[in-house]
Amino acid sequence: MQKKSELILAIETSCDETAAAVVADGKEIVSSIVSSQVNLHRKFGGVVPELASRKHLELINPLISEVLNAAKVNLAGLSAIAVTVGPGLVGALLIGLSTAKALAYTNRLPLIGVNHLEGHIFANFLEHGDLKPPFICLIVSGGHTTLIFVKDIGEYGILGETLDDAAGEAFDKIAGFLGLGYPGGPIIDDLAKEGNPKAVIFPRAMLHSKDYDFSLSGLKTAVLNYVTRMKNEGEPINVSDLCAGFQAAVIDVLVQKSIRAAKEKNVGKIVLAGGVAANSSLRDEFRVATEKENLRLYHPSLDLCTDNAAMIGCAGYYRFKAGERLSFDAYPDPNLRLGSKILSKVERRMTNERKIDQRRTSNVE
Ligand code: KG4
Ligand code: ZN
């Protein structure tokens, strides 16, 4: 007899996408719905946390019903519920986590907590059955720019990260400054296709630094200065060239540092994850560079680069099989680090008390 699939209901509400999915055996998307709040936040030029939470609250229950209907499964037919616990906006996370807790508790289902960043990495496993660690993963999203050595599933060494703006944040801020709209990433991506990336050359910050960190706020200032100077001199600005030049400066550093990390760690694979991994030029430049260096490149399809719940279901499945369960008194953790344990209320209180004690002891000394 064929083994019955294990179905996980996954919930993701860490930022401005309300998402739910049903994933079978951690690898097959049975149904997945992402409801973007982009239109709600557009007029503010960025995500308004309080509005995001309210919208999640309005959407989450109907969305879960819809995703279960589409998968032709009811709550009793599930093996577990997986939910994003952090990092993200605390109020937004709270809606998903509270909903997941209520559904898991009332239906006696295991509750699995998932790190949003781990979810982004796992989006790749959904589509690339052959992908196995070790590999270098570059997460580039609205909130993160992080280079990770994925030694094994759940074993993450953070090699470097942005010291200021995240890549997606830089795209969104530049687009906002140029009055191009929100979110800026896809708009700049499109405009840059018509532009010449060598027409305006912007600095590549930290390209030659020995570490794997990134810095993007200087580039933002360089773009602002360029626009101001051109305006003051009465010169016309070619927006496509400007977008292409900005994008190239971001991508150049990301590509070169990722390749260097793969060589140093002696791994043959580079994996891209997060919303900015949807950028066409970033994908092209990585393809060219990895082919040249004889490395394999993996990235999710466009829909799975940006926030979704299927990736949470995939990461949640591995945690479920490893026997991990989230305590019903767990809080959302807006600053959750990749690889760190998701703490229950009691564990978190104990950790905080320990920190206070340590501080007190070092003050006395
Ligand atoms: O991963 P994601 O959906 O949400 C976070 O976890 O942050 O990433 C959203 C970010 C936004 O900053 C958006 O502008 C950027 O990803 N983005 C892009 C593209 N599509 C989305 N950036 C560059 N090019 C794109 N095509
Ligand atoms: Zn994300």
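Remember, it's a predicted structure, so these values are computed and weren't measured experimentally. Numbers for residues simply follow the sequence, beginning at 1. Counting starts at 1 for both ligands and their atoms, in listed order.
Neither the backbone nor the side chain of His144 comes within contact range of ligand 1; no heavy atom lies under 4.0 Å. Both the backbone and the side chain of Asn279 come within 4.0 Å of ligand 1, judged by heavy-atom distances.
Atom numbering of ligand 1 starts at 1 in the shown order; those under 4.0 Å from a heavy atom of Gly142 are 5 (C), 7 (O), 8 (O), 9 (C), 10 (C), 12 (O). With ligand atoms numbered from 1 in the order given, ligand 1 contributes 3 (O) to contacts under 4.0 Å with heavy atoms of Thr306. Proximity to Gly143 (heavy-atom distance under 4.0 Å) selects the following atoms of ligand 1: 7 (O). Listed by atom number, the atoms of ligand 1 under 4.0 Å from Gly168 heavy atoms are 12 (O). Which parts of ligand 1 touch His120 is read off a 4.0 Å heavy-atom cut-off, strictly below it: atoms 1 (O), 6 (O). The His116 neighbourhood of ligand 1 comprises atoms 6 (O), with distances under 4.0 Å to a heavy atom of that residue.
Note on Cys15: not counted as a metal contact of the Zn ion (ligand 2), no N/O/S atom lying under 2.8 Å. Residue His116: an N/O/S atom is found under 2.8 Å from the Zn ion (ligand 2).
Ring pair Tyr105/Phe328 is perpendicular by interplanar angle, where above 60° counts as perpendicular and below 30° as parallel. Ring geometry, Phe320 versus Tyr317: the interplanar angle falls from 30° to 60°, so the pair is classed tilted.
Protein heavy atom closest to atom 17 (N) of ligand 1, with residue, atom name and distance, is Gly275 O, 3.6 Å. Ranking protein heavy atoms by distance to atom 22 (N) of ligand 1, first place goes to Gly185 CA, 3.2 Å. Distance from atom 26 (N) of ligand 1 to its nearest protein heavy atom, with residue and atom name: Asp189 OD2, 2.9 Å. In this structure, the protein non-hydrogen atom closest to atom 3 (O) of ligand 1 is Asp307 N, 3.0 Å.
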Checklist entry - Where do Lys101 and Leu111 land on the side chain to side chain contact (heavy atoms under 4.5 Å, CB included) test, with the steps shown first? => result CA-CA 7 Å; Lys101 278 183 189 176; Leu111 179 66; 3.7 Å; yes
Checklist entry - Given Ser301 and Asp303, is the side chain to side chain donor-acceptor pair (under 3.5 Å) satisfied, shown in steps? => result CA-CA 6 Å; Ser301 57; Asp303 285 353; over 6 Å; no
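Heavy atoms of Pro186 come nearer than 4.0 angstrom to ligand 1 in at least one pair.
Compare Leu282, Ile139, Val276 by their heavy atoms: the one nearest to atom 15 (C) of ligand 1 is in Val276.
With hydrogens and angles left out, the side-chain atoms of Gln37 and Ser35 include no donor and acceptor closer than 3.5 Å.
Aromatic pair Phe122/Tyr318: ring centres closer than 6.0 Å.
Of all N, O or S atoms in Asp307, the one lying closest to the Zn ion (ligand 2) is OD1.
Electrostatic pairing of Asp213 and Lys257 does not count as a salt bridge here, judged by no charged N lying under 4.0 Å from a carboxylate O. Note on Arg54 versus Glu58: no salt bridge recorded, every NZ/NE/NH1/NH2 to OD/OE distance being 4.0 Å or above. A salt bridge is absent between Arg354 and Asp357: the closest approach of a Lys/Arg side-chain nitrogen to an acidic carboxylate oxygen does not fall below 4.0 angstrom.
Considering both main-chain and side-chain atoms, Asp172 comes within under 3.5 Å of ligand 1 through a nitrogen or oxygen pair.
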